[in-house]
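A short worksheet on the structure shown next.
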2 protein chains.
Amino acid sequence: MITIYDIAKKANVSAMTVSRVINNSGKISDATRQRVKQVMEELHYVPNSNARSLVLQKTHIISLLITDITNPFYTTLARGAEDTAKRLGYKLLFGNSDENYAKEKDYVDMILSTRVDGVLFAPTGDGSAAHLQQLQKHNMPLVLLDREVPGIQADTVLGDSKEGARRLVEHLLSLGHRRIALINGSEDVSTARQRHVGYKEALKLNDVPYDEALVLYANYREIQNETALSQLLHLPDPPTAIFAANNFLAIGAIQGLRAQGLQVPDDMSVVCFDDLGLASALNPFLTVAAQPAYQFGSLGMQWLIDRIEGRSQDEPRTIILPSELIVRSSAAKLKS
Amino acid sequence: MITIYDIAKKANVSAMTVSRVINNSGKISDATRQRVKQVMEELHYVPNSNARSLVLQKTHIISLLITDITNPFYTTLARGAEDTAKRLGYKLLFGNSDENYAKEKDYVDMILSTRVDGVLFAPTGDGSAAHLQQLQKHNMPLVLLDREVPGIQADTVLGDSKEGARRLVEHLLSLGHRRIALINGSEDVSTARQRHVGYKEALKLNDVPYDEALVLYANYREIQNETALSQLLHLPDPPTAIFAANNFLAIGAIQGLRAQGLQVPDDMSVVCFDDLGLASALNPFLTVAAQPAYQFGSLGMQWLIDRIEGRSQDEPRTIILPSELIVRSSAAKLKS
DNA sequence: CTGAAAGCGCTAACAC
DNA sequence: GTGTTAGCGCTTTCAG
């Protein structure tokens, strides 16, 4: 491997001079600078960033951990994070925890041993607390994305789960629905709890009784959920509309309904949190509360780099990004 | 930062002994091993992989460069790559070139300076040759994904662009269409050229004349393509069906058609390469040649690690993974 | 079984 | 302007 010493020897200077040329630091005569640069070209020299990191105690790598790489919400978020990282001179070490605590733990170990400069972390759920504490014990700069974790203080970029849920449910109410089911993510996840709260609030504000039988806790990735669904459908007084707490749950519900011969929105209205990317472009069908996914990533990355570079106060900040209600055709007026 | 020396001192051994405990190498008495392990726990020690990489000349990081993180084909591929990397003990440094040569070059520089162990590379197009040569000059293990690049010899995992295109077009022919447009990716990209060849082959085999006016070269990411589309529609003898060379082009075409008040498949049949992920789950509409995206990633990663660990012959291998024709409802019988 | 010395490639601090 | 020295945290080699 070519090192600065190889360059130094061939250019008749010391390694230090080469280092200075590479980093544009210190004063160097134009003559030697040119000579060194030329030798570097000739030998196709590329600096070894491991060696650099070792001495500088800085990797210029930021780790991004998301929970589902196939979900457009997270890929758009990743793009935002990546664009911003790149613009500010950082590389992205990317990980996908698959909503799985064991995988998440593996990534945390890796993050620590790689000595990345900071972590953008979308937690799997409340059980991520241990992993986050581990990071904090090592003073790893940290920004939480999309979900909060009880007991963890850190900069956090959240969506307006409660508010968004309230508006989705009020939309259904305005269409005349009174029996509205909630198919939710795991109770272990802050967004699921908040969406539940928003759901209840909307009902209460509109004097619609809350019925626990209409509320299901599932898992944000569970596309298929036949049993849960037929449970709902076989209620004495079944729902006429479904609020799915995220895009995958909505798709699962719609597939399930179709399997039972039911059509959306004719036989059942469906709305959900998170837009669908391509799917909505092709077929603007689902009524959703769309979150500014790109901004989650770009703002989170911005905050993280602020912290890494010491531009943040000590107090952790939290922001709640608003979602946008996009009314399409998956929810219709209740037939009387 | 806690180092092996801190551990060593506290455990009354030498750094070397600590290193041996960490790596399970050499012979160590159970007593000292236990003692060292306990101290490591107490101090929350995590090895510094930069220091390790520096001496071992191995990072256990593999770089994956894709061209579009919002395309389900690539995210599924990424998942395959990631799962396999993780299983085999490698980390993934992830990059997104956005079908952009300048971004691609930046990533190549980064890859080189990070001294990753190898690169899984989905090239932007023929212009990637310079970047690939740069990698090869540095003996960087390399596997090409999805696209070939003239002049570059390397292990390559490809889809059956020609064959898949032929089958899609023959499907349209079997429905009675004779005027079939091709909306293609850039001529600079091997898959686009191959899909063009397959298109021509299908026509020839079925004695349908080839008309250059029906063939458009665009860009795989160009969702909107109004001018190109109206050009086609205003032909003296306009097409009755469109073969879009990938999923995004198909969606762009369908949106464009709708903007003109045309319905798919009633007024125009549309088929394309690559499935749509969520979109197809929600609404199985587009007739496509679906590629085994996950396998692109997992097989490519497997091959790459084989090479990194010296388990490959010198000869570069190429595999062509078959696609699957999935007939849905976006293409219909030609009305006579 | 355990330790001391040297070096991976680079840069900060200090000479000259 | 440029060079020397030392050390970042770790492992290899060779002694004991």
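Given the structure is predicted, the values throughout are model-derived calculations rather than measurements. In what follows, every chain begins at residue 1, and chains take the letters A, B, ... in the order their sequences are listed.
- With C/dG9, D/dG9, C/dT2 as the candidates, the nucleotide lying closest to the side chain of B/T32 is C/dT2.
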B/D106 and B/Y101: side chain to side chain donor-acceptor pair (under 3.5 Å), yes or no, with the steps?
CA-CA 9 Å; B/D106 285 349; B/Y101 287 122; over 6 Å; no

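- You won't find any donor-acceptor pair under 3.5 Å spanning the side chain of B/R115 and the base of C/dG9, going by distance alone.
- B/S49 comes within 4.0 angstrom of no nucleic acid atom, judged by non-hydrogen atoms across all strands.
- Each of C/dC10, D/dT4, C/dG3 was ranked by its minimum atom distance to the side chain of A/S14; first place goes to D/dT4.
- Distances from the side chain of A/S29 to the nucleotides D/dG1, D/dG3, D/dG7 place D/dG1 closest.
- Of all nucleotides listed (D/dT2, C/dG9, D/dG9), D/dG9 comes nearest to the side chain of B/M1.
- Going from atom CD1 of B/I2 over to atom P of D/dC8 covers 14 Å, rounded to whole Å.
- At least one side-chain nitrogen or oxygen of A/Q57 sits closer than 4.0 Å to the OP1 or OP2 atom of D/dG9.
- Within the 4.0 angstrom heavy-atom criterion, only backbone atoms of the sugar-phosphate kind lie near A/N23; the bases stay farther away.
- Of all nucleotides listed (C/dG9, C/dA13, D/dG9), C/dA13 comes nearest to the side chain of A/M16.
- Residue contacts shown for A/I4 include a base, since a base heavy atom lies under 4.0 Å away.
- A donor N or O paired with an acceptor N or O is not found under 3.5 Å between the base of D/dG1 and the side-chain atoms of A/R33.
- Among D/dT13, D/dT2, C/dT11, the nucleotide with an atom closest to any side-chain atom of A/R52 is C/dT11.
- Taking the six-membered ring for Trp, B/F296 and B/Y74 have ring centres at least 6.0 Å apart.
- In terms of phosphate contacts, B/T17 brings a side-chain nitrogen or oxygen within less than 4.0 Å of OP1 or OP2 of C/dG3.
- A/L56 comes within 4.0 angstrom of the backbone, heavy atoms only, and of no base.
- Considering only the side chain of A/Y5, C/dC10 comes nearest among C/dC10, C/dC8, D/dT12.
- The interatomic distance linking A/N24 (CG) with C/dT11 (P) rounds to 12 Å, in whole Å.
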